[in-house]
2 protein chains.
Amino acid sequence: MKKVGEPAPKDRLLRAAAALLAESNGEPVSTRQITEAARVTAPTLYHHFGDKEGLFDAVVAEGFSEYLDAERGLPTSGQPIEDLRMHWDNHVQFGLDHPHLYLVMFGNIRPERRPSMVASAEAFLEEVLARAAAAARLVVSPREAARSMLAANIGVTLMLIAEPAAKRNLELSAMTREAVISAVATDSEGDPTTDTEGTPSVVVAAIALNAALQSSHPDQLSSSELKLFLEWLQRISSRSGS
Amino acid sequence: MKKVGEPAPKDRLLRAAAALLAESNGEPVSTRQITEAARVTAPTLYHHFGDKEGLFDAVVAEGFSEYLDAERGLPTSGQPIEDLRMHWDNHVQFGLDHPHLYLVMFGNIRPERRPSMVASAEAFLEEVLARAAAAARLVVSPREAARSMLAANIGVTLMLIAEPAAKRNLELSAMTREAVISAVATDSEGDPTTDTEGTPSVVVAAIALNAALQSSHPDQLSSSELKLFLEWLQRISSRSGS
DNA sequence: TAGCACCTATAGCACCGTTATATGAACTGC
DNA sequence: GCAGTTCATATAACGGTGCTATAGGTGCTA
């Protein structure tokens with residue numbers, strides 16, 4: 001019978017640690033800060049988590065389960081390739097939403113002590129890819145495809161986190177995503193801008209056009225028109241809305 | 001007039017720090033260990049580097065310059081795409097050779113304090129890609145291509161470092177490398193988004209996007225925006241020469 | 001009420017990064 | 001040659017850190 005307004009010390013420790021880690025910009029957080037914020041003394045921490053590292057591991061584990069829940073919560077569109085895009089974007093978004101947590105989860109992996117949850121993330125992505133494979137859309141094994149996609153996804157997210165939020169260019173994500181997907185999956189019959197149902201992929205075509213416009217500006221559009229045009233193009237190719 | 005057998009304390013500190021960081025498997029290394037290994041007392045460290053972090057930054061900076069030297073030392077084969085593969089593989093190899101250093105260099109980047117050397121690495125890769133662009137083998141701008149390639153390269157290397165050396169599968173690297181390269185560059189002839197000169201064809205890409213939009217309307221644009229967008233697209237597609 | 005887990009607090013240890021102060025060494029101008 | 005200056009190193013200590021030996025509640029079962 002707990003009072004509702006007052007979570008147990010263990011929970012308060014977890015929350016305090018998570019909050020302090022998220023605020024304090026990557027600088028180390030002391031156990032004293034945490035225990036004070038949780039209104040608890042030192043031995044309580046060590047009773048519940050054994051270690052400072054144990055507490056942080058618990059925070060990371062919670063982060064992973066939040067991430068995996070979000071991934072599993074995504075709908076299945078019936079178009080496997082489209083699902084891949086969705087999961088990729090969701091991964092990036094999670095990283096941008098929880099940058100410090102993400103750095104510990106995916107950027108800091110020590111060889112031997114690697115969180116097993118990364119393997120879960122990989123396994124889940126593999127499931128999504130297995131659906132693509134079932135639709136005969138994969139040109140490599142789901143396992144290899146999952147590893148490659150996850151690696152690229154992490155690299156892109158780390159790079160986006162590393163640069164100031166203001167000048168973040170999400171097209172890096174869209175572009176790399178399409179690169180990996182098109183290497184791993186086949187766009188049905190031959191046409192690189194068309195997917196299974198024969199419906200042309202707007203995103204792929206938009207990215208191609210955007211790329212082409214980088215090196216050669218059309219003279220049919222005024223510079224102000226071009227500016228707006230490129231903005232829309234960006235919007236289409238990053239599919240952040242939806 | 002230095003004795004040859006005895007490097008200056010500053011150098012000894014640097015070497016000791018680098019060695020201890022490399023050995024001690026990612027666990028924190030104390031200033032006392034370092035100063036003891038360098039046969040030096042604490043104030044010497046602070047005189048030369050100001051800070052523990054300053055010392056570690058110096059180690060990282062040395063790592064970066066070693067990396068960049070290796071990159072710049074690679075020969076130019078005359079085949080830009082082949083060069084890209086070589087630089088990619090060299091990056092991965094550097095990460096596997098100095099895993100802990102690599103983690104600090106590329107896996108640990110804090111947004112504000114990001115080492116400027118990462119930008120140098122990016123800039124160098126951009127130079128290599130500029131050569132590919134000059135050979136009319138690029139379908140996106142060198143800058144975007146460099147960012148995408150570097151991001152994927154880092155992601156793959158981190159993933160390889162994270163798994164036990166025994167079961168490392170380098171094919172993950174090769175596969176992802178080819179994915180990114182083929183999305184960024186064209187294998188000489190035959191690419192539908194590339195015209196004879198090898199420069200990306202805005203017209204072809206615009207036509208493809210136009211076609212794609214016929215059957216699937218993006219929800220990122222309002223209907224009035226879409227109308228104008230399609231009109232401009234038409235104008236670009238019907239371009240005569242150039 | 002007694003016993004028994006469980007959880008929490010007091011007080012302190014050993015270590016850490018860091019520095020105020022002092023000492024030595026090497027070069028300068030005279 | 002020697003005072004003055006500057007650079008490089010050492011002694012000793014301070015406050016903060018992760019952690020724990022020990023002891024004190026607290027609620028449960030008997």
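Values below: every heavy atom of this structure, side chains too, minus hydrogens, waters and symmetry copies. Sequence lines set the chain letters: A, B, ... in the order given, protein chains first and strands last, and positions in each chain run from 1.
With no hydrogens or angles considered, no side-chain donor-acceptor pair links A:D83 and A:Q79 at under 3.5 Å. One side chain, A:H91 or A:Y67, offers a donor N or O that lies under 3.5 Å from an acceptor on the other.
Using a 4.0 Å cut-off between charged side-chain N and carboxylate O, A:R147 and B:E163 make a salt bridge.
D:dA30 is paired with C:dT1 under the Watson-Crick or G-U wobble criterion, all donor-acceptor distances under 3.5 Å.
No more than 12 heavy atoms of other residues, nucleotides or ligands sit less than 6.0 Å from atom CD of A:E36. Within 6.0 Å of atom CD in B:E171, 12 or fewer heavy atoms from other residues, nucleotides or ligands are found, so the atom counts as exposed in its surroundings.
Look at CG on B:D51: it is 14 Å from C1' on C:dC16, rounded to the nearest Å. We find that CD1 of B:I34 is positioned 14 Å from C1' of C:dT18, with the value rounded to whole Å. In this structure, B:E36 places its CD atom 17 Å from C1' of D:dT9, rounding to the nearest Å. One can place CD of A:Q33 at 11 Å from C1' of D:dT17, the figure rounded to the nearest angstrom. A straight line from CG of A:L45 to C1' of D:dT17 spans 13 Å, rounded to a whole angstrom. Rounded to an integer number of Å, the gap from CD of B:E53 to C1' of C:dC16 is 15 Å. In this structure, CZ of A:F49 is placed 16 Å from P of D:dT20, rounded to the nearest angstrom. For A:L13 and D:dG18, the CG to P distance is 13 Å, given to the nearest whole Å.
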Listed pairs, N/O of protein and of nucleotides 8-10 of chain C, under 3.5 Å:
{"unit_1": "C:dT8", "atom_1": "OP2", "unit_2": "A:H48", "atom_2": "NE2", "d": "2.6"}
{"unit_1": "C:dA9", "atom_1": "OP2", "unit_2": "A:T41", "atom_2": "N", "d": "3.0"}
{"unit_1": "C:dA9", "atom_1": "OP2", "unit_2": "A:T41", "atom_2": "OG1", "d": "2.6"}
{"unit_1": "C:dA9", "atom_1": "OP2", "unit_2": "A:T44", "atom_2": "OG1", "d": "3.4"}
{"unit_1": "C:dA9", "atom_1": "O5'", "unit_2": "A:T41", "atom_2": "OG1", "d": "3.3"}

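Looking at B:R32, its side chain comes within 3.5 Å of the base of C:dG17 through a donor and an acceptor atom.
Contact annotation: A:T31 side-chain N/O to D:dG18 OP1/OP2 distance is under 4.0 Å. A sub-4.0 Å separation between OP1 or OP2 of C:dT18 and a side-chain N or O of B:Y46 is present.
Each of B:I161, B:L160, B:I154 was checked for a side-chain contact (heavy atoms from CB on, under 4.5 Å) with B:T157, and the lone residue meeting it is B:I161.
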Ignoring hydrogens and angles, write down the donor-acceptor pairs under 3.5 Å from the side chains of residues 54-64 of chain A, residues two or more places apart or on other chains.
{"unit_1": "A:D57", "atom_1": "OD1", "unit_2": "A:R113", "atom_2": "NH2", "d": "2.9"}
{"unit_1": "A:D57", "atom_1": "OD2", "unit_2": "A:R113", "atom_2": "NH2", "d": "2.6"}

